[in-house]
Number of protein chains: 2
Amino acid sequence: MKKESKETIEKRSDCPISCTMDLVGDKWSLLIIRDLLYLGKTSYNEFLSSGEKISTNILNDRLVKLTEDGLITYTGTSKRKIYKLTKKGLDLKPILEAIAVFGIKHSCANKEFLRHVKKVMEL
Amino acid sequence: MKKESKETIEKRSDCPISCTMDLVGDKWSLLIIRDLLYLGKTSYNEFLSSGEKISTNILNDRLVKLTEDGLITYTGTSKRKIYKLTKKGLDLKPILEAIAVFGIKHSCANKEFLRHVKKVMEL
DNA sequence: AATTAAACTTGCAAAATGCAAGTTTAACTT
DNA sequence: AAGTTAAACTTGCATTTTGCAAGTTTAATT
């Protein structure tokens with residue numbers, strides 16, 4: 001018996017910012033999008049191996065939700081699924097970029113990693 | 001006895017996107033920032049009255065955390081605090097704008113509300 | 001058919017959130 | 001200056017989400 005991933009998609013308000021946060025405003029979704037956009041990752045195991053150490057149940061849950069929400073799709077069999085962003089998902093790119101710009105300016109991240117990220121993101 | 005708002009600020013990785021998500025990647029922080037940036041709200045009760053119905057304990061927790069993280073500050077007494085964004089907090093503006101653009105394109109939000117948001121955000 | 005490894009599930013502990021009270025505190029009123 | 005008001009904040013407990021450490025299923029490969 002599969003658990004339904006979300007019974008009622010609770011929309012907190014009509015504000016477009018709030019709506020977008022209802023879609024991707026959790027700890028993990030945008031990191032999966034980042035993996036797809038910038039790190040060339042396309043499969044379950046590749047997402048799993050990312051530095052932030054997402055756990056398997058959460059990863060599965062997010063992949064289902066992101067698919068349901070039309071941000072990603074996959075091809076291939078259930079043994080090897082290849083995920084990619086939909087058109088709608090690609091529209092998240094400016095958000096990721098703005099987040100990266102902020103992070104590069106204010107974080108924390110080590111210099112070497114930053115050089116790598118900037119190169120990958122063409123910033 | 002006050003509860004400490006966050007014992008260890010867990011940083012999941014050195015990725016600037018991940019770092020930024022560790023700061024504001026929760027259900028509520030960016031909505032408070034939105035209130036400050038676009039809706040002219042500056043006080044506890046004004047944040048409370050936003051459409052998404054944040055509860056008082058969460059609002060208090062987020063205001064403390066955002067202050068600790070240097071994204072907002074306040075003036076005034078403990079009876080009437082006036083919050084505003086720091087320079088660092090203002091650097092979140094491009095993120096909010098990108099989120100709004102996505103939300104406006106893809107949501108959900110009703111037409112009237114959208115007109116209002118676009119006007120306020122000067123989009 | 002047996003093996004392998006990717007994809008997915010399960011069960012339970014820990015943390016975050018939601019809700020409905022309450023209390024504290026400073027300003028405003030007599 | 002005592003009493004009232006309302007904004008800011010706390011508390012306790014239920015619910016939900018996340019984290020972790022197993023497991024199982026499934027389709028390619030041998």
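Here is the naming used below: chain letters follow the sequence lines, and residue numbers restart at 1 for every chain.
Neither OP1 nor OP2 of D:dA7 sits under 4.0 Å from any side-chain N or O of B:S43. For the pair B:N60 and D:dT10, the criterion of a side-chain N or O lying under 4.0 Å from OP1 or OP2 is met. Within the structure, a side-chain polar atom (N or O) of B:K27 is placed less than 4.0 Å from OP1 or OP2 of C:dG18. Remark: B:W28 is in phosphate contact with C:dG18, judged by side-chain N or O atoms under 4.0 Å from OP1 or OP2.
The side chain of B:S78 approaches C:dA26 more closely than any other nucleotide in the set C:dA26, C:dA21, C:dG11. When the nucleotides D:dA22, C:dA21, D:dA27 are ranked by their closest atom to the side chain of B:T56, C:dA21 comes out on top. For A:N45, the side-chain atoms get nearest to C:dA7 when compared with the rest of C:dC19, C:dA20, C:dA7. Considering only the side chain of A:N57, C:dG11 comes nearest among C:dA26, C:dA6, C:dG11.
The nearest whole Å value for the distance from the CZ atom in B:R12 to the C1' atom in C:dA15 is 14 Å. A straight line from CG of B:L59 to C1' of D:dA7 spans 12 Å, rounded to a whole angstrom. Look at OH on A:Y44: it is 8 Å from P on C:dA7, rounded to the nearest Å. Computed from coordinates, the A:D26 CG to C:dT17 P distance equals 11 Å when rounded to whole Å. Atom-to-atom, CG of B:D61 to C1' of C:dA16 comes out at 9 Å; the value is rounded to the nearest Å. When rounded to the nearest whole Å, the span between CG of B:L63 and C1' of D:dC9 equals 11 Å. Rounded to whole Å, atom C1' of C:dA27 lies 10 Å from atom CZ of B:R80. As a whole-Å value, the separation of A:L48 CG from C:dA5 C1' is 13 Å.
Residue-to-nucleotide proximity on DNA chain D shows that, of A:T77 and A:S55, the 5′-proximal contact is made by A:S55.
Using a 4.0 Å heavy-atom cutoff across all strands shown, A:F47 reaches no nucleic acid atom at all. Among the heavy atoms of the strands, none lies under 4.0 Å from B:K53. At a threshold of 4.0 angstrom between heavy atoms, the contacts of A:Y74 with the nucleic acid are absent.
A salt bridge does not link B:K27 to A:D22: none of the charged side-chain nitrogens sits closer than 4.0 Å to a carboxylate oxygen.
Put simply, the side chain of B:L31 reaches to within 4.5 Å of the side chain of A:R12, judged on heavy atoms. Counting only heavy atoms from C-beta outward, the side chains of B:E97 and B:K93 approach each other to under 4.5 Å.
One N or O on the side chain of B:K88 and one on the backbone of B:D69 form a donor-acceptor pair closer than 3.5 Å.
Cation-pi geometry between A:K41 and A:F47 is not met: the NZ or CZ atom fails to fall both under 6.0 Å from the ring centre and inside 45° of the normal.
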